[in-house]
There are 2 protein chains.
Amino acid sequence: MRESMWRQIAEDLRLKIESGELGAGGMPLPSELELRDSYRASRNTVRDAIKWLVTRGLVVTRPGQGTFVVQKIDPFVTTLSTDINAPRESTAYASEVMASSRIPKVSDPRIEIQQASGLTAAELHLQHGTSVVSRHQDRFIDGVPWSFQTTFYPMRLVEQGAEWIIRAQDLPTGIVGYIENVLGIKEVGCRDRFLVRPPDGAETNFFKLPDDGRISVIETIRTGYDQVGEPLRVTVTTYPADRNQFVMTAGKVPAEQTRALPRG
Amino acid sequence: MRESMWRQIAEDLRLKIESGELGAGGMPLPSELELRDSYRASRNTVRDAIKWLVTRGLVVTRPGQGTFVVQKIDPFVTTLSTDINAPRESTAYASEVMASSRIPKVSDPRIEIQQASGLTAAELHLQHGTSVVSRHQDRFIDGVPWSFQTTFYPMRLVEQGAEWIIRAQDLPTGIVGYIENVLGIKEVGCRDRFLVRPPDGAETNFFKLPDDGRISVIETIRTGYDQVGEPLRVTVTTYPADRNQFVMTAGKVPAEQTRALPRG
DNA sequence: CCGTATTTGTTCGTATGTATT
DNA sequence: CAATACATACGAACAAATACG
């Protein structure tokens with residue numbers, strides 16, 4: 001069976017884009033009317049072909065301007081610590097970004113008092129409706145939103161004296177270290193969960209993702225436990241899948257510059 | 001500005017689908033002609049709305065049958081070992097699946113001799129064109145393709161006497177344990193890389209993913225190193241993002257039944 | 001600032017092909 | 001074979017966003 005015409009046009013455009021024949025140097029593709037003439041098809045058929053390219057993330061269309069090829073993002077590689085004594089997430093982030101010659105920026109923490117529900121109630125072993133403190137931070141690399149993170153603490157930690165949890169400031173020791181210093185409650189282990197899912201509206205907006213849900217987000221959920229096995233905090237971090245990779249080591253491995261992996 | 005009509009229709013359909021008013025129990029949605037009449041729009045406009053739902057993965061269309069809502073897959077949670085002495089991947093897989101009351105199946109290994117290139121050459125520190133052995137296995141859960149895995153070994157291991165690497169059989173100790181027994185080369189550490197990317201053609205076909213690249217695959221690349229820091233093998237595992245989650249623990253954490261996390 | 005040309009976005013209509021029942 | 005339902009393709013008109021003189 002012969003391929004549909006819009007599919008053939010899409011494939012031809014894809015090849016010409018990947019060879020650099022079209023769209024090189026930020027130039028727009030030929031307009032829909034020009035493509036209609038050159039392919040001897042109707043404008044709607046050309047639009048079907050372009051829509052296929054848009055869905056695959058190869059091009060973007062801008063009303064009044066034209067159709068442009070998207071440039072690939074240089075991904076950042078996050079090191080996942082398998083060692084509970086590794087440096088805290090907050091401090092590790094900036095140094096890791098700078099080690100790759102890029103500029104990190106972290107927003108000031110945004111504090112909210114919320115009621116435990118769903119994930120937080122389950123992970124922190126709290127009744128639904130119990131108060132939790134959430135600390136939220138947005139993280140940028142070279143000015144581009146790269147990930148964001150929300151950590152939930154049981155309100156009882158504040159009531160027991162760890163009052164800086166509800167201050168909108170970063171602490172040099174990190175909040176987890178602060179809790180250990182003030183309350184003697186130490187995080188001796190954590191469980192990480194990873195999942196990949198479509199972005200919600202807020203994520204689509206913040207990360208400037210295409211609104212068709214084509215780019216997934218990676219969500220990591222880290223629950224920290226104290227000496228008696230009680231959950232101390234749960235940290236939810238969200239990474240757009242188009243600009244993030246992860247690396248983790250176990251046992252003895254030779255050191256190596258962390259870098260993004262190309263396809264091969 | 002008012003929302004476009006196709007967008008309004010899509011939103012209305014989405015709400016009716018999520019409330020169960022439409023498509024419940026495997027029933028098809030109303031046909032495009034019926035929707036055209038009920039929304040007082042053209043069939044093309046209704047199709048634009050349906051295309052939006054298809055792109056979001058809410059429905060699938062089948063020629064001659066109708067439009068159906070997709071049911072959510074119950075994800076499987078893979079435990080990532082942070083301990084180099086944990087049981088081998090191959091043996092761990094089946095027991096972990098059975099622990100969640102599901103039926104694992106692993107295909108017989110498919111062996112190929114290939115030339116190192118790109119990823120394998122870089123990770124195994126081999127010249128391009130050097131021979132490598134690839135062992136490939138497909139993994140199923142309840143009969144559904146769930147992941148597949150390819151491990152690359154330098155050909156010199158076979159030449160040094162580890163000849164079972166090129167036999168299409170599973171070994172009770174796993175290949176890595178076999179190499180240790182025969183050659184005395186022990187894997188003392190490994191580096192895992194994680195990335196999320198659109199599926200290629202083979203993956204789309206094997207996992208029966210929609211051909212618009214909407215569902216990403218999660219790729220993990222595990223490179224194992226021996227006592228002298230030389231790479232021993234590299235294992236590439238591919239998981240469709242719509243049916244896989246991961247969990248990893250560090251330090252001391254209370255035991256818990258691994259389960260998929262819902263959104264909340 | 002304004003008006004015009006260009007370009008993509010939306011919506012309609014119609015006809016024909018292909019897959020399934 | 002016939003009926004139904006989605007897929008493809010064409011043509012047309014107007015709206016909205018943008019760029020430019």
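Numbered from 1 within each chain, the chains take letters A, B, ... in sequence-line order. Quick caveat, the model's predicted, so the values are computed rather than measured.
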Given C:dA19, C:dT11, C:dT8, which nucleotide is nearest the side-chain atoms of B:Pro63?
-> C:dA19

With a 4.0 Å heavy-atom cut-off, tell me which residues in residues 23-43 of chain A come close to DNA chain D, sorted by residue number.
-> A:Ala41, A:Ser42, A:Arg43

Residue A:Thr61, side-chain heavy atoms: nucleotide from C:dT8, D:dA7, D:dT18 that is nearest | C:dT8

Please check if any side-chain donor atom of A:Glu112 sits under 3.5 Å from a side-chain acceptor atom of A:Ser134, or the reverse.
-> no

Considering only side-chain heavy atoms of A:Arg47, which listed nucleotide, D:dG11, C:dT10, D:dT18, is closest?
-> C:dT10

What distance do B:Trp52 atom CH2 and B:Leu13 atom CG have between them, rounded to the nearest 0.5 Å?
-> 10.0 Å

DNA chain D nearest-nucleotide lookup for B:Ile50 and A:Arg62: closer to the 5′ end is B:Ile50

cation_pi(A:Arg139, A:Tyr93) dist<6.0 Å, angle<=45 = yes

So does A:Gln65 get a side-chain nitrogen or oxygen closer than 4.0 Å to the phosphate oxygens (OP1/OP2) of D:dA19?
-> yes

Contact under 4.0 Å: B:Thr67 side-chain N or O vs D:dC6 OP1/OP2 = yes

Please report, rounded to the nearest Å, how far the C1' atom of D:dC14 is from the CE atom of B:Met5.
-> 13 Å

Return the 5'-most residue of the pair B:Arg7, A:Gly64 with respect to DNA chain C, ranking by each residue's nearest nucleotide.
-> A:Gly64

Would you kindly give the CG-to-P distance between A:Asp48 and C:dT10, to the nearest whole Å?
-> 13 Å

Between A:Arg102 and A:Trp146, is NZ or CZ placed under 6.0 angstrom from the six-membered ring centre and within 45° of the ring axis?
-> yes

Protein-nucleotide distance (B:Asn44, atom CG; D:dA12, atom C1'), rounded to Å | 13 Å

Taking only N and O in the side chain of A:Thr45, is any of them less than 4.0 Å away from OP1 or OP2 of D:dC10?
-> yes

Distance, rounded to the nearest Å, where A:Glu3 contributes CD and D:dA7 contributes C1' | 13 Å

Could you label the plane-to-plane angle of the A:Phe206 and A:Phe140 rings as parallel, tilted or perpendicular, counting under 30° as parallel and over 60° as perpendicular?
-> perpendicular

Does NZ or CZ of A:Arg62 fall inside the cone over A:Phe68's six-membered ring, less than 6.0 Å from its centre and within 45° of the axis?
-> yes

In terms of heavy-atom contacts, does CD1 of A:Ile103 have more than 12 from other residues, nucleotides or ligands at under 6.0 Å?
-> no

